[in-house]
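Everything quoted here is computed from the prediction, not taken from an experiment.
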Amino acid sequence: MSSIDQETGQAVEYDDTAIRFLEVLWGEGYLSPGGPDEVDRVLDGVEIDGKRVLDLGCGAGGVTLHIARTYRPAAITGFDVEAPVIAHARDAAARQGLAGVSFVQAPAGTLPFFDGSFDVVFSKDALVHVADKLAVFREIYRVLSPGGVFAGSDWLISHDGEPSQDMKAYLAAEGLSFGMASAATYLTAMAEAGFVETRAESRNQWYREVARQELSRLQGTLHSAAVAAVGEAYVAKNIRTWTAMQKVLDSGEHCPTHLRGIKPMRRDA
C-alpha cells in the first residue's frame, strides 16, 4: 500500500513503517528475504574484489553494506527510486563508516549513470516493480562495462498470461506495484538487450519453506516485536498477505528466481 512522502510529495511503497516491519522479519537494512546468505548465493562465482558495483533497487541498504564489507569492491553505489529507503541506507552507511559506498535516489526510468560505469550490477528482488523488463535490462546493459556481469534475483511468476485467482488474491493483498513475469520473459529481455550466457534458476522450493517459517514467526515469536514496531493492524495485514503468498508458493506459481547474464567484450575493429 502506497503512502505519500512528506518531503517530496511523491507516492512511496516502502515508507518508514514498511522498513521497520521488514527489518523485524528480515534483519536491519533488508527489504527482501534470505539475508546475507541469499545475497552470497546470488553472487556465487562473481568477481567483486576491486570492481565497481551497482546495487540496483538497493532499498534500505542492507545488501549494499554487506557487499561493501564482505567483497571489497573498489566502490559500490546503491540506487533506488524511493527517498525514505535511501535516507535509511545513508544513515546506516554513516554509522558503519564504510569507505567507497554511496547512495543515489532518482525517478524511475533512465539510470543516472554514464555508459560503462560499473563492472557488476546486482539487484535483489527489485525488478519486479518494473513492468517493462526489456527497458530495464537495456539500461543495466548500458551502464555495465564490456565483460561486466549482471547478477540478481527477482520475484517471478511461473507462466505468462492470466494469473490464477490465488495469485490475483496475493497481489491484491500485497498492494504493491508488482509487474510479475515469467523466466522466459526475463531471459528473452536479457538476450534482446544484448546479454549472453543468460540463465535463470528457480528458488521456489527454498522460499516456499522460508516463507512458511516467516508466517509462523509473525504469528508467534516475532509477533510482539512486530506489533511494537508497526502496530497490530499492520501486522495483521501482513499475516493475511503471507497466508495468501503461501498458496502461490506451494502451487509453484510464485517462483523467486536467480538471474545471471554477461555483457560481451567489445569485438576487435
Novice: Checking side-chain contact (heavy atoms from CB on, under 4.5 Å) between L111 and each of V121, V136, L56, which is the one that passes?
Specialist: L56
Novice: Do S164 and E253 pair up side chain to side chain, a donor and an acceptor below 3.5 Å, judged on atom types alone?
Specialist: yes
Novice: For residues F150 and F122, establish whether the separation of their ring centroids is below 6.0 Å.
Specialist: no
Novice: Is the shortest distance from a Lys or Arg side-chain nitrogen in R217 or E214 to a carboxylate oxygen in the other one below 4.0 Å?
Specialist: no
Novice: Do the side chains of E201 and R260 get close enough for a salt bridge, i.e. N-O under 4.0 angstrom?
Specialist: no
Novice: Could you give all pairs that pass the ring pair (Phe, Tyr, Trp, His ring centres under 6.0 Å) test and reach residues 181-225, with sequence neighbours left out?
Specialist: Y141-F195, W155-Y207
Novice: Should the heavy atoms of other residues, nucleotides or ligands under 6.0 Å from CD of Q205 be counted, would the total exceed 12?
Specialist: no
Novice: Taking ring pair (Phe, Tyr, Trp, His ring centres under 6.0 Å) as the cut-off, I'd like each qualifying pair that reaches into residues 42-70, sequence neighbours left out, listed once.
Specialist: none
Novice: Determine whether the side chains of Q246 and H254 contain a donor N or O and an acceptor N or O closer than 3.5 Å.
Specialist: no
Novice: Quick one: salt bridge (charged side-chain N to carboxylate O under 4.0 Å, His left out) partners of E162, sequence neighbours excluded?
Specialist: K168
Novice: Can you tell me if R212 has over 12 outside heavy atoms packed within less than 6.0 Å of its CZ?
Specialist: yes
Novice: Holding to salt bridge (charged side-chain N to carboxylate O under 4.0 Å, His left out), I want the full list of residues that pass it with D125, two or more places apart in sequence or in another chain.
Specialist: none
Novice: Quick one: side chains of residues 93-104, donor-acceptor pairs under 3.5 Å with protein atoms, not counting sequence neighbours, listed by atom name and distance.
Specialist:
from : atom 1 : to  : atom 2 : distance (Å)
R95  : NH2    : E28 : OE2    : 2.8
Q96  : OE1    : R69 : NH1    : 2.6
S102 : OG     : T77 : OG1    : 3.3

Novice: Return the set of residues passing ring pair (Phe, Tyr, Trp, His ring centres under 6.0 Å) with H129 (not counting sequence neighbours), or none when no residue passes.
Specialist: Y14, F178
